[in-house]
Amino acid sequence: MRSYKSIREVVGPLLIVDHVEGVAYDELVEIYVGHDDRRIGRVLEIDGDAAVVQLFESNMGITPEETRVRFMGKPMTLQVSESMIGRVYDGKGQLNDKGPTLISFEERDINGAVMNPMARNYPDQFVQTGISTIDVLNTLVVGQKLPIFSGSGLPHNELAAQIARQATVLNDEIEFAVVFCAMGISYEEARFFEDEFQRTGAIDRTVMFMNLADAPAIERIIAPKMAITAAEYLAFEQDMNVILIMSDMTYYAESLREISASRKEIPGRRGYPGYMYTDLASLYERAGRLKGKPGSLTMLPILSMPEDDKTHPIPDLTGYITEGQIILNRDLNRSEIVPPVDVLPSLSRLKDKGIGEGKTREDHADLMNQLFASYAHGKSVVEMASILGESSLSKLDKLYVKFADSFEQEFIKQGFYTNRTIEQSLDLGWDLLSMLPKAELKRVRDVFIERYYRDDES
């Protein structure tokens with residue numbers, strides 16, 4: 001480890017240090033301001049004998065003449081241990097819950113590699129979230145990357161907490177854990193998550209990483225890497241099924257843009273760096289299942305779309321990397337239908353691999369297809385009625401209008417504290433389909449109609 005007092009310039013969160021030797025990219029750095037003020041950073045770029053150091057903390061008080069920089073010769077690491085479950089960390093990976101320090105731990109480089117496609121096991125296990133719109137219509141599968149696209153003011157935090165409380169892998173004997181990473185949140189939101197997890201007991205199976213809005217931008221870039229490192233350790237070293245929830249990835253991308261602007265890089269779409277796709281992929285592609293390992297890492301990144309725009313670079317790039325998306329709807333939320341999952345544009349590309357006999361139930365696929373078709377037809381009839389008037393509707397059309405309304409009020413609207421089993425959700429779907437004539441159930445096999453369709457007489 002070598003120390004230098006050759007800072008050339010301080011530019012926002014960046015220090016430019018001259019005349020350095022043997023320094024590596026992503027190396028951990030200690031910055032000493034005076035005698036007792038220690039801050040940390042990392043090497044962001046090397047150009048000849050000059051290094052650009054990115055601060056994890058404020059640059060307040062840093063002057064080139066009185067500041068000493070020490071390069072640690074190692075990357076940033078996280079202390080991992082089985083006993084980290086139930087603990088709360090800050091965005092830099094430091095324990096932040098006033099509990100005891102970890103006695104036995106390993107140090108892991110947070111800059112892990114993406115999973116080799118040849119080493120992956122194909123996702124084929126059902127994850128029960130207890131939320132009907134996800135479990136039945138947009139099924140989450142073990143090892144999947146399924147983002148939630150939200151908007152400003154929509155209750156994605158409440159949905160994230162609900163999934164963290166309720167999610168489980170059915171018919172599997174190995175332990176289940178949740179790693180929860182919050183980025184750019186307010187003190188009020190942080191208090192909500194901590195109180196909610198403590199009150200419901202979800203903290204007993206959860207590791208929390210909490211990055212607050214007043215923390216430097218670089219900490220928001222480091223926080224998800226800390227969380228993924230913890231999740232990888234629990235999944236592939238401790239053989240657990242792990243769900244990693246990261247909210248809000250929009251703040252992560254905004255921090256990338258801020259750091260890129262500080263480095264005076266040529267901007268891409270809407271000012272975001274051109275390498276944002278690669279950067280997001282380096283996070284998302286660390287999820288999955290590994291051959292020869294019983295554990296798994298399932299990822300649910302949550303992002304709020306600026307101006308509810310699905311073509312914005314953040315959701316657009318995320319959609320290319322991940323396997324579908326759950327979309328929250330503002331109109332449903334205004335109608336107090338929560339969680340406000342918009343089932344028609346939502347998609348889980350791996351849902352067919354995690355449903356069916358032995359996983360959920362034999363009628364799941366047919367029921368899912370029929371619910372989609374019937375709800376879509378009901379919504380189109382509602383739109384037609386708003387133009388032509390209800391008097392233009394046939395008796396069957398009115399049944400579809402009633403079905404669409406009941407579907408939203410009973411199936412989608414379940415609240416944030418109702419935990420439905422997959423059997424309860426499937427049965428509820430059949431109850432709703434039984435509002436329609438049997439002849440309209442064209443996507444369901446006769447054997448399932450005979451078994452599950454509920455006639456009025458019965």
Side-chain angles (χ1 to χ4, degrees), residues 25-26 42 44-45 54 76 91 109-117 120 123 140 143-151 156 160 179-185 209 211 217-232 235 242-263 265-288 297-328 346-350:
Y25 174 72
D26 258 340
R42 67 164 181 167
L44 191 64
E45 185 179 338
Q54 192 171 31
M76 194 161 193
D109 180 1
I110 65 170
N111 303 294
V114 300
M115 198 176 290
N116 187 333
R120 287 180 180 270
L140 178 63
Q144 185 176 4
K145 307 177 290 291
L146 186 62
I148 296 174
F149 290 1
S150 181
H156 47 266
V179 177
F180 187 88
C181 178
M183 292 165 277
I185 61 173
F209 290 84
N211 163 254
I218 179 58
E219 186 175 313
R220 268 186 287 290
I221 294 177
I222 292 299
K225 296 181 179 180
M226 292 284 179
I228 295 172
T229 301
E232 287 174 332
V242 180
I243 282 190
L244 170 59
I245 302 172
M246 299 190 294
S247 177
D248 180 336
M249 291 301 295
T250 296
Y251 294 127
Y252 173 85
E254 295 288 353
S255 296
L256 274 183
R257 181 167 65 174
E258 181 179 334
I259 298 300
S260 176
S262 298
R263 296 172 66 181
E265 296 174 334
I266 297 174
R269 291 169 57 192
R270 302 203 188 186
Y272 292 94
Y275 52 79
M276 188 166 75
Y277 176 89
T278 306
D279 192 281
L280 291 173
S282 71
L283 300 179
Y284 296 149
E285 292 296 344
R286 291 168 70 175
L297 173 50
T298 306
M299 190 178 291
L300 286 173
I302 298 174
L303 56 94
S304 53
M305 301 176 290
E307 300 176 355
D308 293 357
D309 181 9
K310 287 181 282 191
T311 67
H312 188 278
I314 303 172
D316 188 36
L317 296 178
T318 296
Y320 281 114
I321 303 166
T322 55
E323 295 122 5
Q325 66 277 331
I326 303 296
I327 298 179
L328 303 189
S346 296
L347 171 68
S348 170
R349 295 191 179 96
L350 299 180

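Hydrogens, waters and symmetry mates are skipped; everything else that's a heavy atom, side chains included, is used.
Side-chain N or O atoms of D248 include one that pairs as donor or acceptor with a backbone N or O of S304 at under 3.5 Å. Remark: the backbone N or O of F149 is not paired with any side-chain donor or acceptor of Q325 at under 3.5 angstrom. Panel note: side chain E323, backbone L146; no donor-acceptor pair is recorded below 3.5 Å. Judged by distance alone, the side chain of S247 and the main-chain N or O of I302 form no donor-acceptor pair under 3.5 Å.
How far CE of M276 is from CZ of R257: 8.5 Å, rounded to the nearest 0.5 Å. Here the CG atom belonging to L297 is positioned 9.5 Å from the NZ atom belonging to K145, to the nearest 0.5 angstrom. Atom OG1 of T322 and atom CG of L350 lie 10.0 Å apart (nearest 0.5 Å). Note that the CD1 atom of I228 and the CG atom of L283 stand 4.5 Å from one another [nearest 0.5 Å]. To the nearest 0.5 Å, atoms NE2 (H156) and CG (L303) are separated by 9.0 Å. T229 OG1 to F209 CZ: the interatomic distance, rounded to the nearest 0.5 Å, is 8.0 Å.
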May I have the step-by-step check of side-chain contact (heavy atoms from CB on, under 4.5 Å) for E232 and M115, ending in yes or no? CA-CA 11 Å; E232 287 174 332; M115 198 176 290; over 6 Å; no

I259 and L44: side-chain contact (heavy atoms from CB on, under 4.5 Å), yes or no, with the steps? CA-CA 10 Å; I259 298 300; L44 191 64; 4.0 Å; yes

Between Y252 and R220, does a side-chain contact (heavy atoms from CB on, under 4.5 Å) hold up when you go through it step by step? CA-CA 6 Å; Y252 173 85; R220 268 186 287 290; 5.5 Å; no

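Under the rule for a side chain to side chain contact (heavy atoms under 4.5 Å, CB included), the partners of S346 that lie at least two apart in sequence or sit in another chain are N138, I326, I327, V341.
Annotation: side chain of T298 is in contact with side chain of I243 (closest heavy-atom distance under 4.5 Å). The closest side-chain heavy-atom distance from C181 to M226 is not below 4.5 Å. Counting heavy atoms from C-beta on, the side chains of D109 and D26 never come closer than 4.5 Å. Proximity of S260 to Y275: side-chain heavy atoms (C-beta onward) are separated by under 4.5 Å at one or more points. With contacts defined as side-chain heavy-atom distances shorter than 4.5 Å, the pair M76/I222 qualifies. Side-chain contact between R286 and L244: absent, with no pair of heavy atoms (C-beta onward) separated by less than 4.5 Å.
A salt bridge links D309 and R270; the closest N-O separation between the charged side-chain nitrogens and carboxylate oxygens is under 4.0 Å.
Between Y272 and H312, the gap from one ring centroid to the other is short of 6.0 Å.
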